[in-house]
2 protein chains.
Amino acid sequence: MPATRKKKDALEVSKTILHTAKQLFAEHGVESVSMHQVAKAANIGQGTLYRRYANKSDLCMDLMKDNFSTFAANIDKLLHDQKDSPVQERFNLTVFHLMRFFDDKFDWISVIQIPRHCEPDQATFFNSPPYMFLYDTYHSLLLEAQEKHELIELDIEFTTHLLITSFSPESFMYLKKIKGYPIEKIAACFCQTSINPLFLPK
Amino acid sequence: MPATRKKKDALEVSKTILHTAKQLFAEHGVESVSMHQVAKAANIGQGTLYRRYANKSDLCMDLMKDNFSTFAANIDKLLHDQKDSPVQERFNLTVFHLMRFFDDKFDWISVIQIPRHCEPDQATFFNSPPYMFLYDTYHSLLLEAQEKHELIELDIEFTTHLLITSFSPESFMYLKKIKGYPIEKIAACFCQTSINPLFLPK
DNA sequence: GATATTACCGGACAATTGTCCGCATGTCAA
DNA sequence: TTGACATGCGGACAATTGTCCGGTAATATC
């Protein structure tokens, strides 16, 4: 063969994968690009790709890491800046921001969420940094509201989980594409239905 | 070949498919059986199988039709029998029954819900009889509550949709398997978080 | 009754995901 | 330098989903 592939620096390979995948995904859309294509474009074997990333969801998650981080930082900053406004208001603000992020990165997120098979001690969405960040954020807000006696009686852990997971990509897509709801309306309705009723009147 | 396959009665083929699939699914589990296996076991070509059912989800949906029907009938009967009790109470009862059904048929339901790609005018879960039954049921209950001035201000259509979709199979599995919540607790928490706060106090 | 038209069957095929194993490369010890 | 061992690369392979098309049976037409 023209050039026997030398053992590459592992870091080099990782960078190449990320760079190539980002390029391909941007060009053809996340859905349409197969792992085989990514491997071929990156000049590595499929086995090599799968050794780094268990599946496409994993790969996307890694490519989204930066986006998630900045989103999380934005939310943190926002909540810090607004820390004197009512909890409920901050909660609504967070949801609005999340919806915009969700909409913006929809293609990626819908690929990431795909994996089924919820077995114990396995990497799932529920162990991922994005879930954990949202969990912490919502949990803190609910706890704060509870301490201030602004919250109805709730199982806070359950509620936190439910608020995060109740918005599936399919459902979002359905509301947006089929029902034609603008994002602002979706966010507003979600707050109206799922967030605000958790707070005591007054 | 020993016996040239005669054109079979279409109805005969359909029955054979359903019977064979039910058998195979029961024996090996819904997840583990491929469409290829079903076709082979039913002595038909894969193309024939796919002409009847666009995918495994479709096939499962058809096999579950009876189960859905009896479930729907049970709920209808229940709501009819209890039509004098408070709306909120009936709503909670419905959710408890649904949870039990969900748990009972979990393997099937998690296969059925899989399809992504929410394009307009395409068969999705949101067009399926189960979704539509739940939609009608929830919608009626919410409307009744609204007429009786027992409901907070809501976008009823949105709320109906959200209540149906907020419980994904993955989330249910996570709560049950990983968090170890019994079904009754899941149902109770769901009512506490998502149903009861929609009703005006007193 | 012969021929054209239609319906629809069934298996071959393509595409994708994910796994596995032979083999090249690098490291260490003698 | 040489041999033993470890690392990990990469393509071949298996499994599955879904599509397509050649061909045959049923039906309509004359």
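Only this structure's heavy atoms are used, side chains among them; waters, hydrogens and symmetry mates stay out.
- The separation between H36(B) atom NE2 and dT17(C) atom C1' is 17 Å, rounded to whole Å.
- Between the P atom of dT16(C) and the NZ atom of K40(A) lies a distance of 11 Å, rounded to the nearest Å.
- We find that D155(A) and K185(B) are joined by a salt bridge, their nearest charged nitrogen and carboxylate oxygen being less than 4.0 Å apart.
- Considering only side-chain N and O atoms, R51(A) lies nowhere under 4.0 angstrom from the phosphate OP1 or OP2 of dT7(D).
- Ring centers of F133(B) and F68(B): at least 6.0 Å apart, outside the cut-off.
- Annotation: side chain of F199(B) is in contact with side chain of V87(B) (closest heavy-atom distance under 4.5 Å).
- Rounding to whole angstrom units, CG of residue N43(B) and C1' of dC8(C) are separated by 17 Å.
- A straight line from OH of Y53(A) to P of dT16(C) spans 21 Å, rounded to a whole angstrom.
- Heavy-atom distances to DNA chain D give each of Y50(B) and G47(B) a nearest nucleotide, and the one nearer the 5′ end belongs to Y50(B).
- Straight-line distance from the CG atom of L59(B) to the P atom of dT16(D): 16 Å, rounded to whole Å.
- The side chain of Q37(B) sits closest to dT16(D) out of dT17(D), dT17(C), dT16(D).
- Considering only side-chain atoms of T48(B), the nucleotide from dG18(D), dC9(C), dT19(C) that sits closest is dC9(C).
- Atom CD of E31(A) and atom P of dT17(D) are 18 Å apart (whole Å).
- Side-chain proximity of Q46(B) to dT17(D), dC9(C), dC9(D): nearest is dT17(D).
- Among the nucleotides dG18(D), dT17(D), dT17(C), the one closest to the side chain of S34(B) is dT17(D).
- Under a cut-off of 6.0 angstrom, the local environment of CD in Q23(B) is sparse, with at most 12 non-hydrogen atoms contributed by other residues, nucleotides or ligands.
- In this entry the distance linking CE of M35(B) with P of dT16(C) reads 20 Å, nearest Å.
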